[in-house]
Structure formats: C-alpha cells, structure tokens
Amino acid sequence: MFKERRKTAVTSKMENLKNTIIRIRIFSISILIIAYLMLNTESILAQSLTSQRTLSFDSRYIIQGYSNKAVGQFGIEMLNLATVPADLIVRPDINSTTRGKKFLFYDSHQLRNVANGLLLFAGSIFLSNSFTFAYHEYGHGTRVAAVGFKPFYGHGVIATDADLNAALSGSVKTYDDFLSFYLSSLFNIGGFTIAFPENTLFTPLTDEVNNNGWYGLVQTGGLNNEMLFSEFIEDELYRNGGHIGFLIPYINGKLAARNYESGLGVFNDVTNIVNYYQGRGYNIDNDKIGNGSKVSLFTSALSYQFVYQFVRMFSGKSSRFHPWEFRGLELPNTLFYMNRDGLSYKIRSGYRFGEWRFPFAVEHVFEGEKRTEVGFGAEKQFDKLTTAFEAIIGKRLEFAMDVSYRQSKWLMISGGYALYDERNLHGERLIPSLEHGSVYHDFYLRASLTY
C-alpha cells in the first residue's frame, strides 16, 4: 500500500502571486533608476526577434500520460499563447524606423512596445501561475505513476490527518489527467496529489518504494518539476528565442525550493525531503536546500538577462530576445535538483555555429553520494527539416532523437525516440514507467500548428 501524505497550502496561486509582487517591487527600484538612461540606447548584447510559436498535439498526451517532457512543452506553448492578444491589440512594428510624437519620455513606437510588453507580461503571469502550480503536483504524480500507482490531483489544503482522510474518502473532487487539473487550477487555489492503493497502472513496484529510495523522488518530484520547467524555458530561448513573459515562471522555478521552506509540519515538501535525506545518513537540511535554490538563480546568466530585458521593455525596446552569447558560446546557466543520492547542480551551455547548435551540460551531486553525469547534443536546421540528438552519460547511457518537418507555413510534423534509464540522475527524475525494468523506450509523434 502506498499513500502520499503531504501538504500543499504553500503551493497556492495566492502564495505564488505574493512572491511575484515582492520580486517585482525589488526589480522596480532598478527600473526607476535605469529606464530613462536606456530610452534611446540599443545594446549589442540582445537581439530582437519574433520566436517560433506552436500549438501541438503530442501522442504522449494519450498513449503514455505521464511524460514530464511532453507536459513541460505544453507549458511553454501556454506561455507563448500570451503573445497572441499582445500582438493583436498593440502589435509593435519591430522593423519600423519611423518615430511619432513624444509622450512623456516615449515616442509612439516606443510606447507601443511598452504596452505590448506589459500586456504580454500580465497574460503570462496568469497562465504560468496556474501551470507551474499544476506542474508541481504533476511532478509528484509522475514519480507515483512510475512505480505503478495511479495519481489523482485535487484542490484545497491538506494540513491535517482529517483533511487527508477526506481526500482519501472521495469527498473532495479529484482529477486523473493533467489537462483537466490545469484548467481547474486557473480558478482554484491550493492542491494535492494522492494515490489510492486500489487504483494502479500495473502491479506496484513496492520494493522500489521501500528499498530503493523512490519515496524520496516522490517527495522531491514537485520542486524538481518547477526547476525542470526553468530548464525547458532555457531550451526554448536557446532554440527559438523568447519573450519577457517567461521571467516569472523562470524565477519561480529557480527559487521554488527556497520558497517552500516554511509549511505545516509533516505535510510540507521540504520537511519530508529533509527527513528522507537524514534517514539515509546525508547531512542535508533546510538551509542547504534553500541555498542550492538561490545558487541556481544567481549563477545563471539568463537570470540577469531577464532583469535586463525587463528594463529594456520599459525603455520602449522589444520584449522578445535571444540568450546572450559570446562568439557563439551561450553564457552558462545553473539548475538545482534533489535526487535519491543527494543534491546536485547542473550547469548548462551551448555553442552555435551557423545553423548548427551544440548544447552540453554537466551535473554533479555535491551533497550526498558524489557522482557526475555529462550531457551533449547536436541540432541542425535545414530548409524544412530540423534534426536533434542528445546523449547523457552517467551510470548508464541515455539518448534522444527528434526530427521535425515543416509541411507548410502553419503545420509542422515531428517524431522522436528517447531512451530513459532510472539508474541515471536524469532518468530517475524523468522516466515515465518502471513496469518493464530500469529502461524505458519512448516513441512519439507530434503535430504542431505554427504561428
């Protein structure tokens, strides 16, 4: 029998909005000082562009419903949806060289850019707060599903045993698919993930739960997913460019573990994670987890670029941009993950040479049982075809291949294969199922509307 007992009051949209307001106030001090100086100053460090945006149907949504990667890409597409009303209502003419009359410090062209950026920023906050909350719960659910138990998601607060028993009894409405849970999260606060012993996907792997540390992954799954979404944002910006609307979910993902340090006893994620690590003899406490989260933010180049682009937006420049590069080398970013073997940092970068891109990464467990994984890949854009390959070398080899064909201006067809191995750090966080052993073969097809 396996039940997940945890509390998620601090995961509510209201809490996320409060954290967002605090960060915006901090940024505003710099904005007031710098904005006027930048009104007519262009920077060679940032490139304006219109990024490729898609709305996709992925076979992993229905054939295998517990794919962190597929659902994470869905979140990226939701954030890009915020560009539609912004473009329709106050579309900036990026290529225009004409200038209109002045209003305060702005001419009409700059004012349209500011209005566009603010509308995009506000729309993205609405879409991302609900998504990152739901994706947090989904992170717990995917680790539950990987060992055979069917996860259910619900809204409300589980802060006592009575709340837990109410959820287990079915008196609280629950959802068994991510899309329904996400849509309900647009208008609800608080939530939980729960598994019933009688609802299984396959014969549960109780030995994995009890003897192999999988319970720790269930506890860390929510916070790891928020960090993972920051990783997906980095990928999106590196491949296609992006916009200022990614700022809040990116920072929230980086600081998720830091923001979850307070809570209600045994129903708090970080409390359960610390208890798990100490039970394995690791010297890991709240401070080390919170510090790891902050390091991931302050040692990432993209964190500083987001602040810079936020200021640029108020100076009338475009809200869209590419990551900073130096002679083709992307400035590095850092991620913080919690694994069965301890805490790790993952440092990522990439090199661009013409139409080729070569992403690479190193992940190292710095607290716990020391181990290191390296990842590298290659991507190439042809006329209508885009190919990508990625490999990860740890205790085992993992790799993924993806091919996309642009059938027309509006339609792109993609397919791919990925090999997961739960004996790797990457694999244990992302493998969809252990039903057939430590290795999982993932085939998928995707049809995307491009706009």
Side-chain angles (χ1 to χ4, degrees), residues 1-8 11 60-72 133-156 158 161 163-182 184-185 191-226 228 266-269 271-273 275-276 279 338-340 420-423 427-442:
M1 180 182 294
F2 175 75
K3 298 176 184 177
E4 184 191 354
R5 294 172 172 257
R6 38 185 229 88
K7 158 281 179 192
T8 56
T11 69
R60 290 170 291 187
Y61 294 161
I62 56 174
I63 296 176
Q64 192 289 111
Y66 300 97
S67 171
N68 262 328
K69 286 194 171 182
V71 173
F133 157 72
Y135 197 51
H136 174 107
E137 298 302 329
Y138 187 73
H140 295 291
T142 63
R143 299 310 84 200
V144 170
V147 291
F149 295 94
K150 184 176 179 63
F152 292 84
Y153 312 100
H155 292 287
I158 294 185
D161 284 324
D163 296 332
L164 180 64
N165 291 333
L168 289 169
S169 68
S171 61
V172 178
K173 181 176 177 58
T174 58
Y175 303 85
D176 63 356
D177 68 282
F178 178 83
L179 181 59
S180 297
F181 182 56
Y182 167 60
S184 68
S185 299
F192 59 87
T193 306
I194 198 166
F196 303 93
E198 65 272 15
N199 287 284
T200 61
L201 301 169
F202 53 88
T203 302
L205 301 175
T206 53
D207 287 344
E208 286 286 345
V209 175
N210 297 325
N211 303 326
N212 202 24
W214 203 262
Y215 177 77
L217 288 177
V218 173
Q219 298 301 322
T220 62
L223 297 175
N224 278 344
N225 254 32
E226 293 198 53
L228 180 64
V266 298
F267 296 99
N268 173 254
D269 279 357
T271 298
N272 286 333
I273 292 168
N275 289 340
Y276 162 76
M338 293 170 280
N339 315 278
R340 284 180 291 185
Y420 295 96
D421 195 312
E422 63 92 14
R423 290 164 289 191
E428 71 179 31
R429 296 191 299 263
L430 294 176
I431 192 169
S433 175
L434 298 177
E435 182 178 7
H436 302 297
S438 298
V439 173
Y440 183 88
H441 302 275
D442 188 18

With sequence neighbours excluded, tell me which residues meet side-chain contact (heavy atoms from CB on, under 4.5 Å) with [X].
X    : result
N199 : K150, F152, F196
Y276 : R280, R340
H441 : Y417, L419, V439, F443
T203 : none

With side chains defined as the heavy atoms from C-beta onward, is the minimum distance between [X] and [Y] less than 4.5 Å?
X    : Y    : answer
R143 : W214 : yes
I273 : L223 : yes
F178 : E137 : no
Y138 : N68  : yes

With Y153 via ring-ring contact (aromatic ring centres under 6.0 Å, His included) - residues at least two apart: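 For Y153 the ring-ring contact (aromatic ring centres under 6.0 Å, His included) partners, ignoring immediate neighbours, are F181.
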Sidechain-backbone polar pair: H140 side chain, V218 backbone, donor-acceptor under 3.5 Å: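 It does hold such a pair.
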N225 side chain vs L228 backbone, donor-acceptor pair below 3.5 Å: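 Not at all, since once roles are kept as given, no pair shorter than 3.5 Å links the two residues.
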Results of side-chain hydrogen bond (donor to acceptor under 3.5 Å, both in side chains) for D421 - residues two or more places apart only: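 With neighbours one apart ignored, the set is R423.
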